[in-house]
Amino acid sequence: MPKQKTHQATAKVIKKHKSGLLTYKKSGGNHQTAKDSSKQIRQRRNKGQLAKGIADRLKKVI
């Protein structure tokens with residue numbers, strides 16, 4: 001049976017760490033943020049972490 005190919009669209013958005021953790025960059029933080037509160041802008045700077053159920057499915061395609 002051949003090896004499964006990496007899903008490139010997913011691989012470009014989600015980063016896989018050595019510990020198995022999957023992270024992604026949160027959206028909406030680049031421009032047009034004047035309407036948002038400082039707290040919202042600050043929270044978008046941090047990486048997002050995928051939930052365990054979704055992460056388990058996506059680890060197979062990355």
Side-chain angles (χ1 to χ4, degrees):
M1 188 168 171
K3 291 165 68 174
Q4 184 175 1
K5 291 187 177 180
T6 300
H7 191 265
Q8 288 300 318
T10 305
K12 290 173 184 178
V13 174
I14 296 172
K15 183 174 180 184
K16 186 176 182 182
H17 298 269
K18 281 191 174 184
S19 64
L21 187 70
L22 298 180
T23 59
Y24 62 95
K25 184 184 182 302
K26 292 181 182 173
S27 62
N30 288 330
H31 55 86
Q32 294 182 346
T33 56
K35 65 185 186 316
D36 297 329
S37 67
S38 298
K39 182 179 179 179
Q40 287 175 313
I41 297 167
R42 205 167 44 243
Q43 287 177 338
R44 288 190 200 123
R45 277 189 223 127
N46 301 324
K47 299 283 183 191
Q49 183 177 340
L50 286 175
K52 187 179 183 309
I54 299 170
D56 289 341
R57 281 191 287 130
L58 289 179
K59 281 179 189 174
K60 296 173 187 171
V61 298
I62 293 180

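None of the values given here were measured: they were computed from a predicted structure.
Connection of L21 to I14 is not established within any shared hydrophobic cluster, with ILVMFWY side chains joined at heavy-atom distances below 4.5 Å, either directly or through further cluster members.
Note that CD of Q49 and CD1 of I54 are 11.5 Å apart. Values are rounded to the nearest 0.5 Å. Once rounded to the nearest 0.5 Å, the distance linking NZ of K15 with CG of L22 reads 11.5 Å.
More than 12 heavy atoms of other shown residues, nucleotides or ligands fall within 6.0 angstrom of atom NZ in K26. Heavy-atom neighbours of K59 NZ from other residues, nucleotides or ligands within 6.0 Å: above the threshold of 12.
The minimum heavy-atom distance linking G28 with T33 is given by the pair O-CG2, 3.8 Å. Minimum interatomic distance between L50 and A55 (heavy atoms only, all atoms of both residues): CB-CB, 4.3 Å.
K25 places a side-chain heavy atom less than 4.5 Å from the side chain of N30.
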